[in-house]
There are 2 protein chains.
Amino acid sequence: MKISAQEEYGLRCLVQLASAGEGESLTLPQIAEREGISQSNAGKLMWLLSKAGFVNATRGTKGGYSLARPAEEILLSEVVKVLDDDEIEGHCNSYTGVMDSCVHTGDCGIRSVIVGLHEIVQNALSNVTLSQLVGTEKKVDERFHRIQGLSGGVASTER
Amino acid sequence: MKISAQEEYGLRCLVQLASAGEGESLTLPQIAEREGISQSNAGKLMWLLSKAGFVNATRGTKGGYSLARPAEEILLSEVVKVLDDDEIEGHCNSYTGVMDSCVHTGDCGIRSVIVGLHEIVQNALSNVTLSQLVGTEKKVDERFHRIQGLSGGVASTER
DNA sequence: TCAAATCTTTACTTTTCAGTCAAGATTACA
DNA sequence: TGTAATCTTGACTGAAAAGTAAAGATTTGA
């Protein structure tokens with residue numbers, strides 16, 4: 001259960017845009033430099049995010065990327081869904097071992113856990129907006145835990 | 001944010017052992033057949049689980065694998081941690097882009113989310129034992145949601 | 001119109017993850 | 001003791017993910 005490179009970097013690029021401020025735009029070279037990734041890589045990520053409607057891209061001199069919606073309205077759950085190819089739908093067709101279809105046809109205790117887990121993660125992420133990731137680590141950390149705490153207290157019960 | 005093949009199949013193999021009953025053992029060919037995976041693959045997974053102390057392996061005729069601890073005491077969070085190489089510790093050293101270390105040194109809003117997310121998942125999984133995955137899908141599904149519901153209600157608030 | 005800056009798209013390379021194979025080691029039992 | 005059944009281990013192969021490169025398209029402004 002880990003976050004993919006695409007999810008991590010994609011999210012970070014969006015945070016850069018949100019940090020730049022309402023309506024402000026950043027170019028590919030700027031984004032690449034600020035996140036310490038190659039311009040090619042940033043280009044691919046921004047293209048995905050643009051295709052998904054999170055950012056507007058304008059070409060030419062004075063071009064760049066800007067958020068298509070206010071950072072306050074962009075939920076992390078939406079972002080992750082796009083950057084991760086939303087695989088849960090076809091889960092039972094993807095881990096089939098050597099068979100054509102999953103051996104647990106029709107009755108499968110594992111499936112509940114996999115799907116349930118996915119729900120939990122999506123739910124947690126749907127309580128966080130992009131704008132809440134802007135700021136110092138301390139501030140963000142406090143915000144994040146408070147949000148999760150209010151909506152269930154799961155994150156704060158252990159360790 | 002997805003589950004890896006190793007996590008999925010490893011968990012499924014453990015559930016098979018748990019289903020076999022207290023103290024009962026299964027051989028590699030049996031496990032492979034029941035989960036629809038190759039014997040080679042099952043061998044590798046069971047080796048991992050054995051090394052991690054979840055199962056006892058005995059060689060020779062009449063050999064096989066059996067749970068090293070009661071299924072009631074094995075938490076999913078432990079299992080996933082082993083099958084997933086427990087990557088969260090070194091997170092900041094793994095997604096460094098083209099740099100030697102993460103550009104967000106010292107102050108990083110993203111880190112809170114990544115670590116926080118990991119906490120949420122681990123926490124959810126630490127509320128489920130292996131024994132609770134044994135049974136029909138309907139039963140397991142009910143159990144799973146009830147457990148998550150009690151410990152925070154996260155899983156049941158949406159859709 | 002032309003050149004520079006910028007995003008877009010496809011193809012390619014590299015790296016990581018999954019899965020397989022084969023030889024080896026151990027045990028039970030006749 | 002010997003054979004069959006079983007787990008163990010490391011090397012190998014194939015597939016998927018990550019990242020790079022290069023040529024193309026669009027816009028601005030002189």
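Not measured: the values here are computed from a predicted model.
Distance A:M46 CE to D:dT20 P: 17 Å, rounded to the nearest Å. A:N56 has its CG atom 18 Å from the P atom of D:dT26, to the nearest Å. The separation between A:E35 atom CD and D:dG19 atom C1' is 16 Å, rounded to whole Å. Following rounding to the nearest Å, A:F54 (CZ) and C:dC7 (C1') show an atom-to-atom distance of 19 Å. When the P atom of D:dA17 is taken as reference, atom CG of A:L48 falls 13 Å away, rounded to whole Å. Taking atom CG of residue B:L45 and atom C1' of nucleotide D:dT8, one finds them 14 Å apart after rounding to whole Å. Between the CG atom of A:L28 and the P atom of D:dA22 there is a distance of 16 Å, rounded to whole Å. Straight-line distance from the NZ atom of B:K2 to the C1' atom of C:dA18: 14 Å, rounded to whole Å.
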Under a 4.0 Å heavy-atom criterion, the protein footprint on nucleotides 20-30 of chain C, written with B, S and -, is BB--BBBBB--
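Residue B:Q6 has its side chain nearest to C:dA18 when only D:dT8, D:dA18, C:dA18 are considered.
B:L125 pairs in a side chain to side chain contact (heavy atoms under 4.5 Å, CB included) with only one of the listed residues (B:L75, B:V79, B:L76), which is B:L76. A side chain to side chain donor-acceptor pair (under 3.5 Å) with A:E142 holds for exactly one of A:H145, A:K138, A:R146, A:K139; it is A:K138.
Under the 3.5 Å distance criterion, the side-chain polar atoms of A:Q132 are matched with a main-chain donor or acceptor of A:T129. Under the 3.5 Å distance criterion, the side-chain polar atoms of B:E73 are left unmatched by any main-chain donor or acceptor of B:P70.
Once rounded to the nearest 0.5 Å, the distance linking CE of B:M1 with CG of A:D84 reads 9.0 Å.
When heavy atoms are screened at a 4.0 angstrom cut-off, B:G43 is found touching no nucleic acid atom at all.
Dashed line: the shortest gap from a side-chain N or O of B:W47 to OP1 or OP2 of D:dT9 is under 4.0 Å. Within the 4.0 Å cut-off from OP1 or OP2 of C:dT8, at least one side-chain nitrogen or oxygen of A:Y65 is found.
Side-chain contact check for A:L17 versus A:I31: some heavy-atom pair is nearer than 4.5 Å.
Donor-acceptor pairing under 3.5 Å is lacking for the side chains of A:S38 and A:S40.
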